[in-house]
There are 2 protein chains.
Amino acid sequence: MTRIDDVARLAGVSTATVSRALRGLPTVSAATRRRVLAAAEQLQYAVSPNASRLAGGRTGTIAVVVPRITRWFFGVVVEAVEDFVHQAGYDLLLHNLGGREQNRQRLLRAANLNKRVDAVMLVATPLRPADLSTLAALGLPGVTVSSGTNVPGWPCIRIDDLAAARTATRHLLDLGHRRIAHISGDPDDELAFTAHLHRRRGYQEAIRAAGLRPDPSLDVESTFDIAGGTRATEELLRRGDAPTAIFAACDEMAMGALTALRDAGLRVPQDVSLIGVDDHALSGVLGLSTIAQPATEQGRLAAKLLLDPLEGAAGASTLTDPGSPVILPTRLVVRDSTAPPRAN
Amino acid sequence: MTRIDDVARLAGVSTATVSRALRGLPTVSAATRRRVLAAAEQLQYAVSPNASRLAGGRTGTIAVVVPRITRWFFGVVVEAVEDFVHQAGYDLLLHNLGGREQNRQRLLRAANLNKRVDAVMLVATPLRPADLSTLAALGLPGVTVSSGTNVPGWPCIRIDDLAAARTATRHLLDLGHRRIAHISGDPDDELAFTAHLHRRRGYQEAIRAAGLRPDPSLDVESTFDIAGGTRATEELLRRGDAPTAIFAACDEMAMGALTALRDAGLRVPQDVSLIGVDDHALSGVLGLSTIAQPATEQGRLAAKLLLDPLEGAAGASTLTDPGSPVILPTRLVVRDSTAPPRAN
DNA sequence: CTGAAAGCGCTTACAG
DNA sequence: CTGAAAGCGCTTACAG
């Protein structure tokens, strides 16, 4: 392995000058810089990140925490963040909680973030009060994406889950539905993010705004994924007196609902209308109506808010007030899964 | 930030002893270890990874390279790898090529892997001869998953793409189909992985084994994703004389095909049968017949083959001969998208 | 614009 | 089983 002093020797300068030239600091003459770059090139020199980080006090790395990388939203967010982060010359440490409480605890143990990253991005990651203290003690900058827990001092990027749910529910109401069910995540799950809590409230608000009363038997909780959508819908049908429409808290749950409805011999939308939230890559294929949310933009913006301050970008801190979340717009996309209820 | 000498002072031992005790080395008396652990706990001490890595010469980090984290197979593989890697106490550096040749080049530039990781996992990542030299020069251990390019000395985990394609095609043949189309990835794409090349060959072999001749007009190339499946199918239909069955090189392409077929007014499987490869999480929802491949197992096994040697696990090197790939089994899953052609 | 020297916080022979 | 000391490969004031 060639080291910095090999380069220094070849270029006929000190290691300090090599360090400055390679990092593009302005205090190096053009001629010297040329010689250093040539020497480094000739020796195929690569700086040792660990030495550099130890001496410089920066890690050049950011941590990204997601509940499950295999779910549509989180995959898209990570892809956007990865791109931005690597463009900026940082490394990306991935943490996938995978629904295991133990993973979240391991992550938050001092040793796993501390001294290891310059900043943290928490995507839809819920935190207990104790976790917040741990994070605060680390003193790291960070950003949160999607709901989860707000961290004081960190900016937050998300959509308006309440409004999204109201829009979805109102779309069903406008079509003439009155028996509208809701399937959503489990509020008791420690690791559950909180988006679905707001979506449930939005659903209930829209129902009430239409002069109806939310019917608890039409509100089923399960896991926030495909299988959960299937189970919730099966439970819904088991309760008898099927709804004429279902608002699923996310597209993946809606997809799971499709299976359950099909197995029950119910057609979408003729027998039951169905709408989700996300605009998953496959929602178009399935003809699923949904509330589209901009996943790539949320990831990209979050990465920018995270890195700009580290880079000391001009106006970085004025881009957003850490106190108030940045809300990105959603959009109703009507496809083939929603229609007026059958005249009976 | 508390440092190792703070702990040493509190415990009344040297920093060397603290280092040994904390890492669980056997050469520390039980009493001393207890005192050190207590002191570390009391001070909330976390080792500095950079200092440790610089002094110790290990990075405690592995790099994982995938074409696109948002695609089903890669997301599942990364999830499995992440779990294994973190359990083993390593960090995971994620690289998502995102279809950009520039990203691949950036990754392979000496500075981006060199001195930064202890080992590399390449998932379906193709390499040019020059890239192979670069990797060889780094002298890093590694493993490849799914096709891509074989790296001398690295184990390789994958399925038998040829056999999978033959099975899929034969399933259609067995149902009575004779005009069987194939939609697959673009062989000219620099960044394309190579799985689809084998799948095409398997398709052609099965066609020939049935005494038929592969028809080039039934073999359409596009991108290896949902949109590519749609475009390829549209092209197929544009050529006239539609096939009675389509074998898509992956489930995501098959899903894209569904859209195109529906838009053309063709029903699956009544008008056209359709089968893919993967057993994507949504294939069940869509009733898509497919050749299931074990993505989680491939990721887990690859992680194990990567880490065991680093840990000096007993028999690590005998687990597999780096020369011959480890082939995991696939399985035909028949759902509702394949049926006999219409009697005409 | 450049260099000598100290220091970043650990781990590792080496000696006992 | 334990410690003193050197060393890992950089960066950063400081001085010029």
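Each chain gets a letter, A, B and so on, in the order its sequence line appears, and its residues count up from 1.
Considering only side-chain N and O atoms, Ser19(B) lies under 4.0 angstrom from the phosphate OP1 or OP2 of dT11(C). Here Arg53(B) does not reach the OP1 or OP2 of dC10(C): none of its side-chain N or O atoms lies under 4.0 Å away. Proximity of Arg20(B) to the phosphate of dT11(C): no side-chain N or O atom is located under 4.0 Å from OP1 or OP2. Remark: Arg23(B) is in phosphate contact with dT12(C), judged by side-chain N or O atoms under 4.0 Å from OP1 or OP2. At dT2(C), one or more side-chain N or O atoms of Ser29(A) fall inside 4.0 Å of OP1 or OP2 (strictly under the cut-off). Put simply, Thr32(A) has a side-chain N or O that comes within less than 4.0 Å of OP1 or OP2 on dT2(C).
Here the P atom of nucleotide dG9(C) and the CZ atom of Arg9(B) are 13 Å apart, to the nearest Å.
The distance from atom CG of Asp91(A) to atom OG1 of Thr61(A), rounded to the nearest 0.5 Å, is 4.5 Å. With values rounded to the nearest 0.5 angstrom, Ile62(B) atom CD1 is found 15.5 Å from Arg116(B) atom CZ. In this structure, the separation between CD1 on Ile4(B) and OH on Tyr45(B) is 4.5 Å, given to the nearest 0.5 Å. To the nearest 0.5 Å, atom OG1 of residue Thr17(B) and atom CG of residue Leu22(B) are 11.0 Å apart.
Closest contact between the side chain of Val47(A) and the listed nucleotides dG9(C), dT11(D), dG3(C) involves dT11(D). Distance from the side chain of Thr17(A) is smallest to dG3(C) among dG3(C), dC10(D), dG9(C). Candidate nucleotides dC10(D), dT12(C), dG3(C) were compared by shortest atom distance to the side chain of Ser52(A), and dC10(D) ranks first.
Between Ala55(B) and Ser14(B), the residue anchored closer to the 5' end of DNA chain D is Ser14(B), taking for each the nucleotide with the nearest heavy atom. Each of Ala16(A) and Asp5(B) was assigned the nucleotide of DNA chain C with the nearest heavy atom; the assignment lying further toward the 5' end belongs to Ala16(A). Along DNA chain D, the nucleotide nearest Thr27(B) and the nucleotide nearest Leu54(B) are compared for position; the residue whose nucleotide lies closer to the 5' end is Thr27(B). Mapping Asn50(B) and Leu25(B) onto DNA chain C via the closest heavy atom, the residue that lands nearer the 5' end is Asn50(B).
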Next item on the list: Tell me, with the steps shown, if Arg300(B) and Asp83(B) meet salt bridge (charged side-chain N to carboxylate O under 4.0 Å, His left out).
Entry: CA-CA 8 Å; Arg300(B) 217 194 55 80; Asp83(B) 191 44; over 6 Å; no
Checklist line | Criterion side chain to side chain contact (heavy atoms under 4.5 Å, CB included) on Leu113(B) and Val120(B), from CA distance to verdict | finding: CA-CA 8 Å; Leu113(B) 245 24; Val120(B) 181; 4.0 Å; yes
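For the residue pair Arg33(A) and Ser29(A), no side-chain donor N or O sits within less than 3.5 Å of a side-chain acceptor on the partner.
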Margin query: Reading 5' to 3' and counting Watson-Crick or G-U wobble pairs with both distances under 3.5 Å, write the dot-bracket notation for DNA chain D, | for bases paired outside the strand.
Written below: |||.||||||||.|||
